[in-house]
Amino acid sequence: MRFNILFGGKAGQGPNILTYTLARALVRKGYYVFYSRDYQSVIRGGHNFNVLTFSNEPVFSNDSIYNIIVALDDKSVEIHKSQLNKNGVVIDGQFEQGNMFFAGRIFKVLGIDLKYLDEELKKIGKRYEENIKAAEKGYNSEKEKFEVDDLDNKENRIFRNGNIGVSEGAINSGLDLYYAYPMTPATPVMGELAGKQKENNFSVIELENEIAVANAGVGSAITGAKVMVGTSGGGFDLMGETLSLTGIAGVPLVFYLAQRQGPGTGVATYQSQADLNIARHTGHGEFPRVVLAPGDPLEAEELTSQAFYFSQKFGIPSIIVGDKHLGESYYTIDGRAEITKSGKWTDFSRFNSYEKNKWGSATENPEIVKRNIDARMKIKENVMSEAMKFEQYKVYGKEDSDNVIIGWGSTKGAILDCIESEGLDAKFVQILYIEPFTNKEIWKELIGKNLILIENNATGLLGDVIKEKTGFNIHDKNKILRYDARPFLRDELLKEIKKRLKK
Amino acid sequence: MKDKIIDKVKKVKSKVFNKKTEVRTPSKITWCPGCFNNQILAGVEKYLKKQIESSENAAKKKDEFALVTGIGCHGKMFDYLNLNGLNTLHGRVLPTMLGIKIGNPNLNVIGFAGDGDAYAEGVSHLVHAARYNADLNYFVHNNQVFALTVGQPTPTTEIGFKDKTNPFGVKVPPLNPMKFMLANGATFVARVFADSKQISWVMKEAIKHKGFSFIEVLQPCIVFHPHKGYKEQTYMLQGKKNKKSKGKSEKHDKTSFKQAWKKAEEFDYNPVTKKTKIPLGIFYQVSKETFEEQIPAVLALKKQGKSWKDIER
C-alpha cells in the first residue's frame, strides 16, 4: 500500500508545516512516511509543493500519481489535477482560512483522530490557541473518506531529513566548530547546528565568503579542533584552493558538499548529482582524500562520523557528498546510526602550504619534496586499507540476479522502492565510498552482469568511476539518467528499469 | 660534493637548534642583501626573544604565539621564525588567523602579509577583519610592488610606475590602506617604517591592544621599486622620535578619528618627493568588544585558558 498526498501553495502560505505535522502524526500511528520538497527560489508567492508518501512498509520515494491533493491556492489544483488518480480527492477552497484549517481538513479526510493534530500543534507551541481553533474548524468541515488505522509502532525508528542526519553525525563525532556561508541546500545544516550549539557546547560561525570559511576551518583545525565546513557546488569551487592546502599541510577538515543543479547558479533550489567530480578532483596537486556518499539520513549520520574519523586519523580532508533531495526530504528509518568515534589527534605545530623541511620551513630540496610526497601517497594506501573495515558499498535485492543496478546518494530511495515493491529480478549495488574505492570487491559484484546505472545527472558520473576503477563499461542505453533538476519518482523509474532487465 | 658539504653543515646546525625554545629556525636567509625585510625580522625577533627568554618556561611562552604568513617575499618570515602556525595560501592570512584565534582564543596570533596578499588577492577579508575586531595582529609588508614575481604593480603602486607587464605605466590611483582601515572600523591602525626598533615597539603595542591591530609597514623594495629618500620623508606621531627622520615628532590624539583621518590623508602613496610627508606611529586606537568575546563558547574557553582540543566529549 502506497498513499501519495500533494500539498501545494504559494511560498509563505505554510505548506511545509502542514506537511510536517501530518507526517509526524502518521509516523506516530506506526506508518513509514517519506516526503520531499519542491520549492522555487521565491520568498513569497510562486508555487511550492511537497509530496508525502506513506505506507505500512518502508517507503523512500514518491510517485507521480496522487491520492489526495491539498491545495492552498487555485494554481496548485490547475498544475497538479492531471496527476490525481481516478478515485482521488482534492481538498481546496476557503483559502483565506489558512494552513491550519487545511491541517484539520486533511486529518479528517484521512480519518485520523484530532488528538494527533492537537499534540503536534502543542509541540510547535507557537500560536497554539489560534492554530487549534482553525484546525478544529477545518476538521469539522470535512467528512472522513479514508481509514488510516493505528499500526503496531516500532520503537527503534527515526524520522528526519538528510541535513539533520549530517548534523547529528557531526555532533555525535564531537564537532567543535562549524563554519559556513549561506548556500542552498547546505544552509539547513547551519540552521540545525546553530540551534543545537548551546546544549552541545560547539560554535557555528558565519563568515564573509566560502574562501574565508574554508581557511578559518583550516586555522581552527590545525589547533586541534574538530571542524566541519558546509556548502554547495559553487561555494565548494571557491574552497578548491583551500582543499588543496589541506592536502599538503595535512589538515583534518571535513567538508559537507550538498549538491544542487548547476552549472553556474543553475536551478538553485533543485536536485542534482552532477558534482561527484569536484568532490573527487577539486584542488591542484596530488593528495589523499576521502569522499563519502550517503543515501539516506541514517547513512548521512554514520558517514559523517566516518568522515571525521578519517580526517582525524590521517590528517586529511574528507568530503561528504549529499544533495538537495537527500538533505531536505524526510525519511522514516528503522534502527539507529552506528557512530564511529574519533579523537582529536592533531597537535598545533608548524604547518605549511609549501613543501616543508623537518623544522617546518619551506624547502625546494628534491629529496625532501619526494619524501613528503611519498609520505602522502603512503597515507593514501593506509586510508584504503583502513576503509576495508567499513561498509564501502551495500547490496540489496536478489543477490544472484543477472541484473545489477548501480547508484549512489539519494537515488537509493527510489531504486530501493522499485526493487522492493515488485520483487524485481535485480540486485542493487549502492556505492558509499567513492574515494577510496574498493575495486576488487565491487568488481566481483559486477562481473558478467547486466549493468544498469541510475543517476541524477546527464553524463553518468558514477559510471565513469566504475569504468576507471573496474574497467566495466556500462552501455549508454542502460544508463537511466534524470537531469531536469527533479528527483526520480518510483513509478516512472520502475518502467525505465523494467525496460532494461535481462530475462 | 658541494651539496654534501652543505648538507653536513645543515646537520650540525640542526643539532644545536632547540625546536622548543628558540625563536629563529636554522633556515638560511634568502632575501636580497640589504632587503628591508631583514629589519622587520630583526624587530620581530627582538620582541619575541625578550618575551620568551625572560619567561621562566620559555617553551610554554613560545607556544603562546601563533604565526601566519602569506605568499610573497614577506612569507619567508615563517621560514625564519620558529613559531607554530601556518604559512598559508596567497591572500588568506586573515581568515587563517581568525580560525586559529577561534580554535584557541588564548594564543597571541601574529600575521604577516604582503601588499599583494592584503590589498589585492585577500582584500575582502581585510574589510571584514576590521569589522569583526578579533584580537589579531596583522602586519602588512608594503613594498608597493609584487617583488617575488619580479616587479608588477600592486593596488598600492604609485601612478606612473612602469614594468614589463604594464608598459604604459600605472594609471589608477593607489589604495590608501590607512584610510581604508579607518573607514572599515579597525580599532588599532598604525604605520611604521621597516626599521627593527619601530617594529619591535609597534609589535609590543599591537599585542597589548585587545582587538584587531592593523600595522602597515613601509618596506620599499630595493630591486623593483624606487626606495631612495623614502625613509627621510617620514616622521613620528605621538612624540616618538625617529632619529633618521627629518621632521620633528608631532602631538597626536590617537583616540580622535578626525585627527587619524587627517594624518592618513597626508601621504597618498604616490611618488615620494622631498616635499612628501609620511606620518608614522599609531594613528588610531580605540577599545571595542572582540569577535571571539561575542561567541559564548569561545569566550568560555578564553576564561578557562583552554582550546577546543582540550574539550573532551
Side-chain angles (χ1 to χ4, degrees), chain A residues 171-177 179 197-198 200-205 207-209 211-227 229 241-242 244-245 248-249 251 253 341-354 356-365 367, chain B residues 3 7 10 14 17 19 22 25-27 63 66-71 75-76 78-104 107 109 122 124-125 127-129 131-132 291 295-298 300-301 307-313:
Chain A
I171 294 170
N172 292 327
S173 304
L175 178 77
D176 292 318
L177 293 161
Y179 291 100
Q197 59 184 333
K198 214 174 158 190
N200 293 288
N201 188 33
F202 61 84
S203 293
V204 175
I205 296 166
L207 294 177
E208 66 267 21
N209 54 40
I211 297 174
V213 161
N215 285 285
V218 167
S220 296
I222 61 174
T223 68
K226 269 195 184 169
V227 191
V229 297
E241 194 192 16
T242 316
S244 173
L245 167 68
I248 191 166
V251 181
L253 189 58
K341 294 277 174 199
S342 52
K344 296 176 190 177
W345 294 316
T346 302
D347 290 317
F348 191 40
S349 60
R350 286 172 58 74
F351 294 81
N352 212 316
S353 71
Y354 284 100
K356 66 177 185 184
N357 62 22
K358 63 181 169 186
W359 54 79
S361 302
T363 183
E364 288 148 349
N365 178 310
E367 282 171 35
Chain B
D3 281 356
D7 266 3
K10 273 187 187 163
S14 66
F17 167 58
K19 210 172 157 182
E22 273 186 56
T25 68
S27 287
D63 284 349
L67 172 67
V68 182
T69 66
I71 302 298
K76 293 169 191 272
F78 192 86
D79 297 340
Y80 311 139
L81 292 169
N82 179 38
L83 297 179
N84 293 336
L86 173 64
N87 185 353
T88 192
L89 297 167
H90 184 55
R92 311 306 166 205
V93 175
L94 281 168
T96 311
M97 291 170 77
L98 183 65
I100 290 175
K101 188 70 186 178
I102 291 169
N104 183 355
L107 293 171
V109 184
S124 66
H125 306 308
V127 176
H128 299 285
R131 277 179 60 229
Y132 297 157
F291 187 76
I295 308 167
V298 179
L301 289 177
S307 72
W308 286 106
K309 188 178 159 94
D310 302 323
I311 304 295
E312 282 177 33
R313 293 177 192 276

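Computation of the quantities below employed the complete heavy-atom set of this structure, encompassing side-chain atoms and omitting hydrogens, waters and symmetry-equivalent molecules. Throughout, protein chains are lettered first and strands after them, A, B, ... in sequence-line order, and every chain is numbered starting at 1.
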- Do the side chain of B:Asp79 and the main chain of A:Ala362 share a donor and acceptor less than 3.5 angstrom apart? yes
- Task: Go through the atoms of B:Leu94 and report whether side chain, backbone, both or neither lie under 4.5 Å from a heavy atom of chain A.
- Result: neither
- Let me know if B:His125 has heavy atoms under 4.5 Å from chain A in its side chain, its backbone, both or neither. both
- Quick one: do the B:Trp308 and A:Ser220 side chains pair a donor with an acceptor below 3.5 Å? no
- A:Arg350 side-chain N/O to B:Leu86 backbone N/O, donor-acceptor pair under 3.5 Å: no
- Given side chains that start at C-beta, do those of B:Phe291 and A:Ile205 come closer than 4.5 Å, heavy atoms only? yes
- Query: Sequence neighbours excluded, which residues qualify as salt bridge (charged side-chain N to carboxylate O under 4.0 Å, His left out) partners of B:Arg313?
  - Reply: A:Asp176
- Query: Any idea which heavy atoms bring B:Ala297 and A:Asn201 closest together, and the distance?
  - Reply: CB-OD1, 3.6 Å
- When you look at B:Ile102 and A:Tyr179, which way does the side chain to side chain contact (heavy atoms under 4.5 Å, CB included) test go after all the steps? CA-CA 11 Å; B:Ile102 291 169; A:Tyr179 291 100; 3.5 Å; yes
- Message: Is it the case that the side chain of B:Lys309 and the backbone of A:Lys344 share a donor-acceptor pair, with hydrogens and angles ignored and the cut-off at 3.5 Å?
- Response: yes
- Looking only at heavy atoms, which two atoms of A:Gly360 and B:Phe78 are closest? And how far apart? O-CE2, 3.4 Å
- Of the backbone (N, CA, C, O) and the side chain (C-beta and beyond), which part of B:Asp63 lies under 4.5 Å from a heavy atom of chain A, both, or neither? neither
- Note on the structure: Most heavy-atom pairs under 4.5 Å with chain B, out of A:Val213, A:Val251, A:Asp347, A:Thr363, belong to A:Asp347
- Query: At what distance, to the nearest 0.5 angstrom, does CD1 of B:Ile100 lie from CZ of A:Phe348?
  - Reply: 4.5 Å
- Query: Any side-chain heavy-atom pair from A:Thr223 and B:Ser307 closer than 4.5 angstrom?
  - Reply: no
- Counting heavy-atom pairs under 4.5 Å with chain B, the top scorer among A:Asn200, A:Val227, A:Ile211, A:Val218 is A:Ile211
- One should read off an interatomic distance between A:Gln197 CD and B:Ile295 CD1, to the nearest 0.5 angstrom, of 9.0 Å
- Query: What residues form a side-chain hydrogen bond (donor to acceptor under 3.5 Å, both in side chains) with A:Lys356, not counting sequence neighbours?
  - Reply: none
- Query: What part of A:Leu207 gets closer than 4.5 Å to chain B, counting heavy atoms only: side chain, backbone, both or neither?
  - Reply: both
